[in-house]
Student: 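Structure in C-alpha coordinates, see below.
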Amino acid sequence: MRIGTYNMISQLYGTNSSKKSNTATSTSYASFRDEVSFSSVGKDMQTAKSALATTPDVRESLVNDIKTRMANGTYEVSNEDFATKLMSAYASR
(Lines give C-alpha, C1' and ligand atoms only; values in the text may rest on other atoms or scores of the structure.)
Protein backbone atom coordinates (compact mmCIF):
# COMPACT_ATOMS: atom_id res chain seq x y z
CA MET A 1 0.00 0.00 0.00
CA ARG A 2 1.37 3.40 -0.88
CA ILE A 3 1.35 6.01 1.84
CA GLY A 4 0.25 8.75 -0.57
CA THR A 5 -2.84 6.77 -1.47
CA TYR A 6 -3.68 6.26 2.19
CA ASN A 7 -3.40 9.99 2.82
CA MET A 8 -5.74 10.77 -0.09
CA ILE A 9 -8.29 8.27 1.16
CA SER A 10 -8.12 9.58 4.70
CA GLN A 11 -8.63 13.13 3.42
CA LEU A 12 -11.59 12.01 1.35
CA TYR A 13 -13.35 10.31 4.23
CA GLY A 14 -12.14 12.74 6.88
CA THR A 15 -10.49 10.07 9.00
CA ASN A 16 -7.16 11.84 9.37
CA SER A 17 -6.56 12.10 13.10
CA SER A 18 -4.30 15.15 12.81
CA LYS A 19 -7.20 17.32 11.64
CA LYS A 20 -9.62 18.76 14.11
CA SER A 21 -13.15 18.28 12.92
CA ASN A 22 -15.89 20.67 13.73
CA THR A 23 -19.57 19.79 13.83
CA ALA A 24 -20.32 21.23 10.39
CA THR A 25 -17.88 18.94 8.59
CA SER A 26 -18.76 15.86 10.61
CA THR A 27 -22.45 16.20 9.74
CA SER A 28 -21.66 16.65 6.05
CA TYR A 29 -19.84 13.31 6.01
CA ALA A 30 -22.75 11.63 7.73
CA SER A 31 -25.11 12.74 4.99
CA PHE A 32 -23.42 10.62 2.29
CA ARG A 33 -25.32 7.49 1.31
CA ASP A 34 -24.64 4.81 -1.23
CA GLU A 35 -27.19 4.66 -4.00
CA VAL A 36 -27.70 2.25 -6.85
CA SER A 37 -29.57 3.18 -9.99
CA PHE A 38 -30.07 1.27 -13.20
CA SER A 39 -30.37 2.82 -16.61
CA SER A 40 -33.27 2.06 -18.91
CA VAL A 41 -30.93 -0.11 -20.99
CA GLY A 42 -30.08 -2.16 -17.90
CA LYS A 43 -33.76 -2.56 -17.07
CA ASP A 44 -34.49 -3.64 -20.66
CA MET A 45 -31.67 -6.17 -20.50
CA GLN A 46 -33.06 -7.60 -17.28
CA THR A 47 -36.52 -7.90 -18.85
CA ALA A 48 -35.05 -9.65 -21.90
CA LYS A 49 -33.01 -11.97 -19.70
CA SER A 50 -36.05 -13.03 -17.69
CA ALA A 51 -38.04 -13.58 -20.91
CA LEU A 52 -35.27 -15.76 -22.33
CA ALA A 53 -35.12 -17.76 -19.11
CA THR A 54 -38.75 -18.81 -19.56
CA THR A 55 -38.40 -19.56 -23.29
CA PRO A 56 -37.38 -23.12 -24.18
CA ASP A 57 -34.18 -23.62 -26.17
CA VAL A 58 -35.83 -25.95 -28.69
CA ARG A 59 -39.20 -25.50 -30.36
CA GLU A 60 -40.54 -28.94 -29.63
CA SER A 61 -43.50 -28.67 -32.01
CA LEU A 62 -41.25 -28.15 -35.03
CA VAL A 63 -38.75 -30.79 -33.98
CA ASN A 64 -41.44 -33.39 -33.31
CA ASP A 65 -43.07 -32.69 -36.69
CA ILE A 66 -39.78 -33.24 -38.53
CA LYS A 67 -38.99 -36.36 -36.51
CA THR A 68 -42.41 -37.81 -37.31
CA ARG A 69 -42.06 -37.04 -41.02
CA MET A 70 -38.56 -38.57 -41.08
CA ALA A 71 -39.82 -41.71 -39.35
CA ASN A 72 -42.68 -42.02 -41.87
CA GLY A 73 -40.35 -41.36 -44.81
CA THR A 74 -42.32 -38.30 -45.92
CA TYR A 75 -39.68 -35.69 -45.07
CA GLU A 76 -38.06 -34.41 -48.25
CA VAL A 77 -35.36 -31.82 -48.72
CA SER A 78 -34.92 -29.96 -51.98
CA ASN A 79 -31.42 -30.49 -53.33
CA GLU A 80 -31.41 -26.99 -54.81
CA ASP A 81 -32.40 -25.37 -51.50
CA PHE A 82 -29.76 -27.38 -49.66
CA ALA A 83 -27.03 -26.43 -52.17
CA THR A 84 -28.02 -22.75 -52.06
CA LYS A 85 -27.90 -22.64 -48.27
CA LEU A 86 -24.63 -24.57 -48.20
CA MET A 87 -22.97 -22.18 -50.66
CA SER A 88 -24.26 -19.08 -48.86
CA ALA A 89 -22.94 -20.40 -45.56
CA TYR A 90 -19.57 -21.12 -47.18
CA ALA A 91 -19.44 -17.66 -48.78
CA SER A 92 -20.18 -15.87 -45.50
CA ARG A 93 -17.00 -17.22 -43.86
Side-chain angles (χ1 to χ4, degrees):
M1 175 189 236
R2 296 188 325 225
I3 294 173
T5 306
Y6 176 75
N7 287 338
M8 285 188 275
I9 292 172
S10 65
Q11 288 173 358
L12 179 68
Y13 288 106
T15 59
N16 195 348
S17 61
S18 65
K19 287 185 177 181
K20 293 182 180 179
S21 63
N22 58 23
T23 57
T25 57
S26 64
T27 57
S28 66
Y29 289 118
S31 66
F32 288 115
R33 293 187 319 201
D34 292 335
E35 292 183 10
V36 176
S37 62
F38 297 101
S39 66
S40 62
V41 174
K43 291 176 184 176
D44 292 343
M45 288 177 64
Q46 184 63 32
T47 303
K49 184 178 177 183
S50 63
L52 284 174
T54 59
T55 304
D57 292 335
V58 178
R59 294 186 288 177
E60 294 291 332
S61 61
L62 293 176
V63 173
N64 290 335
D65 178 47
I66 292 172
K67 283 182 180 181
T68 304
R69 289 177 20 201
M70 286 175 69
N72 293 339
T74 59
Y75 183 72
E76 295 182 18
V77 178
S78 168
N79 292 334
E80 291 176 9
D81 290 341
F82 177 74
T84 303
K85 289 181 182 180
L86 181 66
M87 293 308 288
S88 66
Y90 180 74
S92 65
R93 286 186 176 187

Student: Met70 and Val63: same hydrophobic cluster, using ILVMFWY side-chain contacts below 4.5 Å?
Tutor: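 Not linked; separate clusters.
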Student: I need the Thr74 OG1 to Glu76 CD distance, nearest 0.5 Å.
Tutor: 8.0 Å
Student: Specify the closest pair of heavy atoms between Thr47 and Ser50, including all atoms of both residues, with the distance to one decimal.
Tutor: O-OG, 2.8 Å
Student: Do the side chains of Asp81 and Lys85 get close enough for a salt bridge, i.e. N-O under 4.0 angstrom?
Tutor: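 Not counted as a salt bridge, because no side-chain N and carboxylate O are separated by less than 4.0 Å.
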Student: Above 12 or not: heavy atoms from other molecules or residues under 6.0 Å from CG of Asn72?
Tutor: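 Yes, CG of Asn72 has more than 12 neighbouring heavy atoms, counting only those of other groups under 6.0 Å.
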Student: Can you tell me if CD on Glu80 sees more than 12 non-hydrogen neighbours from other groups inside 6.0 Å?
Tutor: no
Student: Just how far is it from atom CD1 of Ile66 to atom CZ of Arg59, taken to the nearest 0.5 Å?
Tutor: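 Answer for the CD1-CZ pair, Ile66 versus Arg59, is 9.5 Å.
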